Asks: 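Would you mind keeping the following structure in view while I ask a few things?
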Amino acid sequence: MFDILGGGIFNSDGERWRSQRTKAQMLMTTPRYRSFVAQSSLDKVEQSVLPFLAHAADSDTTCDLQDVFTRWSFDTTCNLVFGVDPGCLAIGLPDVPFARAMDDVLRTVFVRHIMPVTCWKVMRRLDVGHETPARRPADESVAATIASRRAAYSKQGANKSSADLLSSFICDEEIAGDPDADTYIRDMTMNLLVAGRDATSSALSWFSYLILKNLLYLHAAVCECLRLYPSLPVETKAVAAHDVLPSGHEVRPGDKILVFNYSMGRMKRVWGADCREFRPERWISEDGKLRYVPSNKFVAFNSGPRTCLGKEMVLVQMKVTVAAVAWNFAVEVVPGHVVEPKLSIILHMKNGLLVRVKRRS
């Protein structure tokens, strides 16, 4: 179902997955890359998000905050992964084919989850219906970016000052020695792009919706938002060997298990009687410090060996963006606008998030 991700970190297992995770973790946890994430996120907020909201405020028009965040996240993630800013969040909200291709990919993946396997596989083979735009445009965009960077390096030499992940992959001697290096890089960057773009924008949209209700405690509120609205509302697990789940259910090889992260965040026996309330205080201990919650309870960033590598990056991006927006603008949800989840692999808002923006005096 996830062929768009190729043999990347989300689609692989065993030694291949372990090797990719080790490589990505090594690159993403360096002080240099962390600094790049923070500075790049802040620059994009100052140069794109704030000017766009200022334009909306001055023209006294509504704007779809979810669309703003999706465009911002795509620009930021492309810069972090590829070192390229596609400029999705310009004042005129331009149509960017690569971004549209990513939307088509996610839509196709979702349909595959609810359609019989034989049906969508036949449609894919015939290149019809929702399968038509699924992979080719996104593949071509990524391949063109990689080829362009390689060509530039072959003429001018590797730019050691570039901190984006594509530069790191191309300059890595171990990867360069792989005969399928381009496929490896394509799969890795595509996986990181999907993770960074949609998960972050989804979380920001829901968090903005909740924070606009005048709730405090930024970090705690972010965690509480992700508990109620995890960017990945459902996960698929395959059974490798016969086992008995904690619930007492037996599972056998070949079985498929769906883990509903969205529902787990609303279970009384996990979070208490107030599980449906947005209460950031649950994340703050009596001594005023952030309360530790194990990842097998707070599953928004997955758990165990597959815990999200970009967790800290997402939290930094969300806090930087929300703080900057809240400091500079008064934002209100348009009265009567219906906010509800959309059926999708990523927990987007079905009707977007229509808001009115005013400059703070």
Side-chain angles (χ1 to χ4, degrees), residues 3-12 16 19-44 47-48 71-90 94-105 135-198 200 309-310 313 317:
D3 60 352
I4 182 63
L5 301 180
I9 192 171
F10 297 139
N11 241 10
S12 58
R16 180 183 178 86
S19 172
Q20 291 187 18
R21 183 179 176 87
T22 300
K23 179 66 67 176
Q25 188 170 31
M26 180 180 68
L27 296 175
M28 295 174 69
T29 55
T30 62
R32 181 171 176 238
Y33 186 71
R34 286 176 179 270
S35 176
F36 177 52
V37 170
Q39 190 59 52
S40 177
S41 301
L42 183 58
D43 289 346
K44 194 63 185 177
Q47 297 168 14
S48 294
R71 289 170 176 270
W72 165 84
S73 184
F74 187 70
D75 285 348
T76 303
T77 305
C78 280
N79 191 37
L80 296 177
V81 176
F82 298 114
V84 175
D85 184 346
C88 285
L89 192 55
D95 176 54
V96 177
F98 187 17
R100 188 169 8 98
M102 296 304 299
D103 289 335
D104 291 337
V105 164
R135 179 168 181 168
R136 199 174 305 115
D139 264 352
E140 291 172 352
S141 295
V142 173
T145 302
I146 296 174
S148 174
R149 185 65 58 82
R150 279 199 182 282
Y153 281 0
S154 65
K155 289 182 179 180
Q156 307 167 4
N159 185 357
K160 299 297 184 181
S161 65
S162 298
D164 60 272
L165 293 176
L166 177 56
S167 296
S168 299
F169 287 139
I170 291 177
C171 296
D172 189 284
E173 294 181 0
E174 184 180 348
I175 295 176
D178 188 332
D180 295 321
D182 276 4
T183 299
Y184 177 94
I185 293 174
R186 177 262 170 214
D187 291 348
M188 282 292 286
T189 53
M190 179 62 78
N191 279 241
L192 296 171
L193 176 63
V194 170
R197 176 225 188 200
D198 289 283
T200 305
L309 286 172
M313 181 178 73
Q317 289 182 324

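Keep in mind it's a predicted model, so treat the numbers as computed, not measured. Any value given below was found using the heavy atoms of this structure, including those in side chains, with hydrogens, waters and symmetry copies removed.
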Asks: Looking at every non-hydrogen atom in both residues, tell me the closest pair between R71 and P94 and how far apart they are.
Replies: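 For R71 versus P94, the nearest heavy atoms are NH1-O, 2.9 Å.
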Asks: Mind checking side chain to side chain donor-acceptor pair (under 3.5 Å) for R34 and listing every partner two or more places apart, or none if nothing turns up?
Replies: none
Asks: Quick check: do I185 and R149 have side-chain heavy atoms less than 4.5 Å from each other?
Replies: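 With C-beta onward as the side chain, the pair stays apart.
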Asks: How long is the span from the CG atom in N11 to the CG atom in D3, to the nearest 0.5 Å?
Replies: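 So the CG of N11 and the CG of D3 are separated by 8.0 Å.
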Asks: Quick check for you: to the nearest 0.5 Å, what is the distance between M313 atom CE and F36 atom CZ?
Replies: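 These two atoms lie 11.0 Å from each other.
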Asks: Show the nearest heavy-atom pair for residues Q20 and I9, with the distance to one decimal.
Replies: OE1-N, 2.9 Å
Asks: Taking side chain as C-beta onward, heavy atoms only, is Q47 less than 4.5 Å from D85?
Replies: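 Heavy-atom side-chain distance check fails, nothing below 4.5 Å.
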Asks: In the structure I gave you, are the side-chain heavy atoms of W72 and T200 within less than 4.5 Å of one another anywhere?
Replies: yes
Asks: Any idea how F82 and F98 line up, ring-wise: parallel (<30°), tilted (30 to 60°), or perpendicular (>60°)?
Replies: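 Answer is tilted, since the angle falls between 30° and 60°.
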Asks: So how far is it from T145 OG1 to E140 CD, rounded to the nearest 0.5 Å?
Replies: 11.5 Å
Asks: What is the distance from atom CG of L27 to atom CG of L192, rounded to the nearest 0.5 Å?
Replies: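 Here the interatomic distance stands at 9.5 Å.
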Asks: Go through it in stages, so that I can follow the logic: the residues are L165 and Y33, the test is side-chain contact (heavy atoms from CB on, under 4.5 Å), and I'd like the CA-CA distance, side-chain angles, deciding distance and then a yes or no.
Replies: CA-CA 8 Å; L165 293 176; Y33 186 71; 3.6 Å; yes
Asks: Flag the pair N79 / K44 as yes when at least one side-chain heavy-atom distance between them is below 4.5 Å, and no otherwise.
Replies: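 No; the side chains remain at least 4.5 Å from each other.
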Asks: Please name the pair of heavy atoms, one in G7 and one in R16, separated by the smallest distance, quoted to 0.1 Å.
Replies: O-NE, 3.0 Å
Asks: If every non-hydrogen atom of S40 is compared with every non-hydrogen atom of T76, which pair is closest and at what distance?
Replies: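 It is OG-CG2, 4.4 Å.
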Asks: What is the minimum heavy-atom distance between A163 and S168, and which atoms define it?
Replies: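 Result for this residue pair: O-OG, 4.3 Å.
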Asks: Looking at P137, is its backbone amide N or carbonyl O close enough to the side chain of S141 to form a donor-acceptor pair, meaning the two atoms are under 3.5 Å apart?
Replies: yes
Asks: Taking all non-hydrogen atoms of both residues, which atom of V96 and which atom of C88 are closest, and how far apart?
Replies: CG2-SG, 3.4 Å
Asks: Hey, what do you get for CG (L80) to CG (L166), rounding to the nearest 0.5 Å?
Replies: 12.5 Å
Asks: Run the side chain to side chain contact (heavy atoms under 4.5 Å, CB included) test against T77 and tell me which residues pass, sequence neighbours left out.
Replies: S73, V81, L193, R197
Asks: Do side-chain atoms of D75 reach the backbone of G87 as a donor and acceptor pair under 3.5 angstrom?
Replies: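 Between the backbone of G87 and the side chain of D75 there is a qualifying donor-acceptor contact (under 3.5 Å).
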Asks: If you measure from CE on M102 to CZ on F74, what distance do you get to the nearest 0.5 Å?
Replies: 6.5 Å
Asks: For D172, enumerate each residue passing the side chain to side chain contact (heavy atoms under 4.5 Å, CB included) test, keeping only those at least two apart in sequence or located in another chain.
Replies: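 D172 satisfies side chain to side chain contact (heavy atoms under 4.5 Å, CB included) with K23, M26, E174, I175 only.
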